[in-house]
J.: 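This is the structure I want to talk about, given as structure tokens.
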Amino acid sequence: MLSIQLFRQNKELILAGLKKKNFKDLELVDKIISVDERRRALQVENDALASAQNTAAKSIGQLMAKGDKEGAELLKEKVGLHKEQAKDIAQKLSDLETELQDMLVRLPNLPHIAVPEGKTPEDNEVVREGGKIPDLSAQKLPHWELTDKYGLINFELGNKITGSGFPVFMGQGAKLQRSLIQYFLNWNIDAGYMEVAPPFMVNEASAYGTGQLPDKEGQMYHATEDNFFLIPTAEVPVTNLYRDTIIQEFELPVKMTAYSPCFRREAGSYGKDVRGLNRVHQFDKVEVVQLAHPAKSYEVLESMVHHVEKLIQSLELPYRILRLCGGDMSFASAITYDFEVYSAAQERWLEVSSVSNFETFQTNRMKIRFKDGNGKTQLVHSLNGSSLALPRIIACLLENNQTPEGIKIPKALQPYFGKEIID
RNA sequence: GGAGAGGUGGCAGAGUGGUCGAUUGCGGCAGUCUUGAAAACUGUUGACUGUCAUAGGUCCGGGGGUUCGAAUCCCUCCCUCUCCGCCA
């Protein structure tokens, strides 16, 4: 959520940012400013009345203590006259506050200066490419055929016991997945992230904190009986660990990593985009989250990008890094780098990680703050990224490394998987 | 699922209608002492809003009510703990 101070200080900055993010409802900005002005004026009135009431109540108390019953009664009557008026103003004030809040939460975060202009994925900027696209002239099966061939994943059984988009990993497939999780977590721990094993369901306040609510409830599975949401990413429980806390400045940056399954309804998806592992309703992911000093958050972002890039390189996969354009970025993000790996049999790029700086957008909602050198509380910046999302990594590993003899396992993973080849 | 207890400042824990934003202890910060540290002693220490700065206002789990006045009384919702039952 954008802070209201910014609307008072720099309306033009907000308008420019929203435009870049391809946000349509720009009149909202003026509405917010005018409601905020009315709200503040009313606040002054309300506070003055409250102040008068407080002093009167105190005087009555003192008169009673002295035994001056008549004087007390007299004052009571006087105060009673203003009660209705005060109630009326307080009601109006709270209505305005609600209205203001409702409008504020509908505005997305403003994009960073480095974010390219644009509306669609075509406008994203390729920052770097790496790795080598393999030559698959000998054999070129898409991963959903490879998983069948080697008995790694059973999509049919997933259909049977749950529904489409819930693959069942089996045998070496299950082990491959488990070894990747282990590898990724260790990679992050070695870089100084603390491992967290969070709950996979969260309450409403947590879903609101990271920006899933309001508006995006349709993307989450909802356990209505208990009003819990299945997490779409570990970012939600992990970032919310620090909701409503003031962190010591010396503790920054806070670095955490978590493995979790992720649940996404993905309503309305269809076609070849969702074939095999390309898009599923439940998948595994290892996430990194940092809470950083505002002055350092862009350094932190660079280091996270570098960290994920090295990880992908260690898996020997061809990849590219995109800087997302304003129109393609998520609601809460100020800047996002997407990592895609090349799926050599499908001949397409698949997103496997997304690293973002949210600046104060999430922390303003969650009230995650620190005390600066002057003893003033400030919001920290929150950042996160996948390192990495499993299914598409698996799809690429299978497709890119297929040989007539079997599927080769990259060196870095071999100690975890225990074999050099799937056959 | 049944029965009971309870939610107060970073933590512990007082406070049952009137200068209570809240006694006290611990912790934190600053100082005295010390070569330095510890101990001891002294002082200081909540958040939000608002103002150029004051002032003012709000906050004792959330919401609502009674009252001139609520942390304290009433209603309601949420959460935590203990015992029993069930269970990985």
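Please read all numbers here as calculations on a predicted model, not as lab measurements.
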J.: Does B:rC87 pair with anything, Watson-Crick or G-U wobble, both distances under 3.5 Å, and if so, with which nucleotide?
T.: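 Partner of B:rC87: none.
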J.: Mind checking who B:rU82 pairs with, Watson-Crick or G-U wobble, both distances under 3.5 Å?
T.: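 With both distances under 3.5 Å, B:rU82 matches B:rA3.
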J.: Checking side chain to side chain donor-acceptor pair (under 3.5 Å) against A:Asn188, which of A:Lys255, A:His307, A:Glu195 comes through?
T.: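 That would be A:His307.
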J.: Without hydrogens or angle criteria, can the side chains of A:Tyr298 and A:Glu359 be said to hold a donor-acceptor pair below 3.5 Å?
T.: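 Yes, a side-chain donor-acceptor pair sits under 3.5 Å.
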J.: If you assign A:Ala48 and A:Ala57 each to the RNA chain B nucleotide with the nearest heavy atom, which residue ends up on the more 5' nucleotide?
T.: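 Between the two, 5'-proximity favours A:Ala57.
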J.: When you compare B:rU44 with B:rG9, how far apart are their C1' atoms, in angstrom units rounded to a whole number?
T.: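 Straight-line distance between the two C1' atoms is 16 Å.
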J.: Mind checking if A:Asn46 touches a base, just sugar-phosphate, or nothing, with heavy atoms under 4.0 Å?
T.: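 Nothing, no heavy atom under 4.0 Å.
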J.: How far, in whole Å, is B:rU72 from B:rG63 if one measures between their P atoms?
T.: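 To the nearest whole Å, 13 Å.
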J.: Could you check which nucleotide pairs with B:rC48 in any of the strands shown, counting Watson-Crick or G-U wobble with both distances under 3.5 Å?
T.: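 Per the H-bond distance test, B:rG57.
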J.: Is there a Watson-Crick or G-U wobble partner for B:rC33 with both distances under 3.5 Å, and which nucleotide is it?
T.: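 The answer is none; no pair meets the criterion.
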J.: So A:Ser59, base contact, sugar-phosphate only, or nothing? Heavy-atom distance under 4.0 Å.
T.: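 It contacts nothing in the nucleic acid.
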J.: What range of RNA chain B does chain A touch, first nucleotide to last, counting atoms under 4.0 Å from its heavy atoms?
T.: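 With heavy atoms of chain A under 4.0 Å away, the range is B:rG18 to B:rG69.
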J.: Taking B:rC79 as the reference, what is the distance to B:rG62 when you measure between their P atoms (whole Å, please)?
T.: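 Nearest-Å result for B:rG62 against B:rC79 at atom P: 15 Å.
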J.: With rounding to whole Å, what would you report as the distance between B:rG21 and B:rA12 at their P atoms?
T.: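 To the nearest whole Å, 24 Å.
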J.: Paired with B:rA70 by Watson-Crick or G-U wobble geometry, both distances under 3.5 Å: which nucleotide is it?
T.: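 By the stated definition (distances under 3.5 Å), nothing pairs with B:rA70.
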J.: If we ignore angles and hydrogens, is there a donor and acceptor under 3.5 Å between the side chains of A:Glu266 and A:Gln219?
T.: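 No, A:Gln219 and A:Glu266 have no side-chain donor paired with an acceptor closer than 3.5 Å.
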J.: Can you tell me the pairing partner of B:rA38 across any strand shown, Watson-Crick or G-U wobble, with both distances under 3.5 angstrom?
T.: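 Because no pair has both required distances under 3.5 Å, B:rA38 counts as unpaired.
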J.: Please list, chain by chain and in numerical order, all residues satisfying ring-ring contact (aromatic ring centres under 6.0 Å, His included) with A:Tyr242, sequence neighbours excluded.
T.: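 For A:Tyr242, no residue satisfies ring-ring contact (aromatic ring centres under 6.0 Å, His included) once neighbours in sequence are set aside.
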J.: On a whole-Å scale, what distance lies between the C1' atoms belonging to B:rU19 and B:rG31?
T.: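 Going atom to atom, C1' in each nucleotide, I get 32 Å.
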J.: For nucleotides B:rC11 and B:rA5, find the distance between their P atoms and express it as a whole number of Å.
T.: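 About 26 Å, rounded to a whole number of Å.
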J.: Between A:Gln177 and A:Asp284, does any side-chain donor sit less than 3.5 Å from a side-chain acceptor?
T.: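 Side-chain D/A pair, A:Gln177 to A:Asp284: present.
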J.: Counting the atoms with a prime plus P, OP1 and OP2 as sugar-phosphate, which does A:Ala56 contact under 4.0 Å by heavy atoms, base, sugar-phosphate, or nothing?
T.: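 Answer is nothing: A:Ala56 stays at 4.0 Å or more from every strand.
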J.: Relative to the 5' end of RNA chain B, which residue comes earlier, A:Arg40 or A:Lys87, by the nucleotide with the nearest heavy atom?
T.: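 Checking each residue's closest nucleotide, the 5'-ward one belongs to A:Arg40.
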J.: Is the centre of the A:Phe370 ring less than 6.0 Å from the centre of the A:His293 ring?
T.: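 Aromatic pair counts; centres sit under 6.0 Å.
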J.: Less than 3.5 Å apart, any donor N or O on the side chain of A:Thr363 or A:Thr360 sitting next to an acceptor on the other?
T.: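 No donor-acceptor contact under 3.5 Å links the two side chains.
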J.: Please report the distance separating the P of B:rA71 from the corresponding atom of B:rG61, rounded so that it comes out in whole Å.
T.: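 Comparing P positions in B:rA71 and B:rG61 gives a spacing of 10 Å.
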J.: Is there a side-chain contact (heavy atoms from CB on, under 4.5 Å) between A:Gln172 and A:Leu176? Walk through the geometry before answering.
T.: CA-CA 6 Å; A:Gln172 294 182 97; A:Leu176 177 63; over 6 Å; no
J.: Between B:rC59 and B:rG50, how far is it from one C1' atom to the other, in whole Å?
T.: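 Their C1' atoms lie roughly 15 Å apart.
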